[in-house]
Amino acid sequence: MQALKLSHVSKTYSNGVKALDDVTIEIQPGMFGLLGPNGAGKSTLMRTIATLQEPDSGELFLGDINILEDKMALRKVLGYLPQDFGVYPKLSAEKLLHYFAQLKGIQSKQERQKIVDFALEVTNLYEVKNKSVAGYSGGMKQRFGIAQLLLNDPHLIIVDEPTAGLDPAERHRFLNVLRDIGTDHIVILSTHIVDDVKELCTDMAVLNGGKLLNHNKPIEAINELKGKIWNKIIDKEELEAHTTKFDVINRKYNQDHSLNIKVYSDTRPDESFENIEPDLSDVYFVSLKQNENEMSNA
Ligand code: ADP
């Protein structure tokens, strides 16, 4: 199976924002999570891979396909679900999928019915296939977006912030659909929600300020932090002193208005700290913290 390889991909917008800063990464088949805060450059990267915009420099390959030189070849094997995909006509999901399948050149009605049924089933929309897509909920529309991109059996699937704005039940259903698509393909899930990656992805990277920070398997990234995450309960007046002295990666208010802080440190910062088990959100916040420290030392 083919890997997606990006080498030294950079992009600066005309307003001077460096959205991608020398991104180099190899992504293998499976579910890949691209995690980063708003403005990190995720959409820019997704759109660049999807041939919707060009980088200033760098190379992108999917197997043998040189993505920048042979956009059509990439588009044939790509399924892209953008953040926002506009308005749908008042047609039922089934009719609309038949229409899209026809546009994709599937002439035989029998063949079309087979693939449309498959797409409706995988995305859990079979029961509501006769309802108008225009009247679907946000989560159903997102699942319909997946149904639509499954019609041409893509090798590379890109979903850009698909769970933003979904309620917890819809989010769960959507993630289950992604899981069911399986791992024969490369699925890239861009998100700012750590739990999306935790629940699904076998590989991940953190993007911040256009820079790729931590490319690792979630479980290994968590293991690397064992013994390095420290917890302490403080009064909120003590916060500033602690953020100056330690690498505070997270803070949470308790009901009594005290604060739980998490500190990243190779050794116990002092006696008042207790060691705790790391999780994936620690991986994310440590990556961002290290990046912040590097930037301020640069
Ligand atoms: P993300 O998807 O992680 O939120 P984006 O790729 O959308 O990040 O944006 C990265 C940075 O580039 C942000 O600072 C954003 O404001 C800027 N940006 C995105 N698109 C454009 C554009 N067309 N023109 C100028 N700046 C842009």
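Excluded from the calculations below are hydrogen atoms, water molecules and symmetry mates; all remaining heavy atoms, backbone and side chain alike, are included. Order of listing sets the numbers, starting from 1, for every ligand and every atom in it. Since we're looking at a predicted model, the values are computed, not measured.
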Which residue and atom name correspond to the protein heavy atom nearest atom 27 (C) of ligand 1, and how close is it?
Tyr13 CD1, 3.3 Å
At a 4.0 Å cut-off, with the gap strictly under it, does some heavy atom of Gly41 reach an atom of ligand 1?
yes
Closest to atom 4 (O) of ligand 1 among protein heavy atoms sits Gly39 N, 2.7 Å
Tell me whether Thr163 contacts the main-chain N or O of Leu166 through its side chain, where contact means a donor paired with an acceptor under 3.5 Å.
no
Atoms of ligand 1 under 4.0 Å from any heavy atom of Asn15, numbered from 1 in the order shown, are 25 (C), 26 (N)
Under 4.5 Å between side-chain heavy atoms, hopping through other hydrophobics if needed: is there a path connecting Val283 to Ile229?
yes
Atoms of ligand 1 less than 4.0 Å from Ala40 heavy atoms?
1 (P), 3 (O), 8 (O)
Under a 4.0 angstrom heavy-atom cut-off, which atoms of ligand 1 come close to Val17?
11 (C), 12 (O), 14 (O), 17 (C)
Please determine whether the number of non-hydrogen atoms from other residues, nucleotides or ligands lying under 6.0 Å from atom CD of Gln110 exceeds 12.
no
So that I know where these two stand, are Tyr264 and Phe246 an aromatic pair - ring centroids less than 6.0 Å apart?
no
Is there a donor-acceptor contact under 3.5 Å linking the side chains of Tyr126 and Glu94?
no
Closest to atom 5 (P) of ligand 1 (judged by heavy-atom distance), picking from Thr44, Asn38, Thr12
Thr44
Does Pro37 reach ligand 1, in the sense of a heavy atom lying below 4.0 Å from it?
yes
Are any of the side-chain nitrogens in Asp160 or Lys42 under 4.0 Å away from the carboxylate oxygens of its partner?
no
Considering only heavy atoms of Ser43, which atoms of ligand 1 have at least one such atom less than 4.0 Å away?
1 (P), 2 (O), 6 (O), 7 (O)
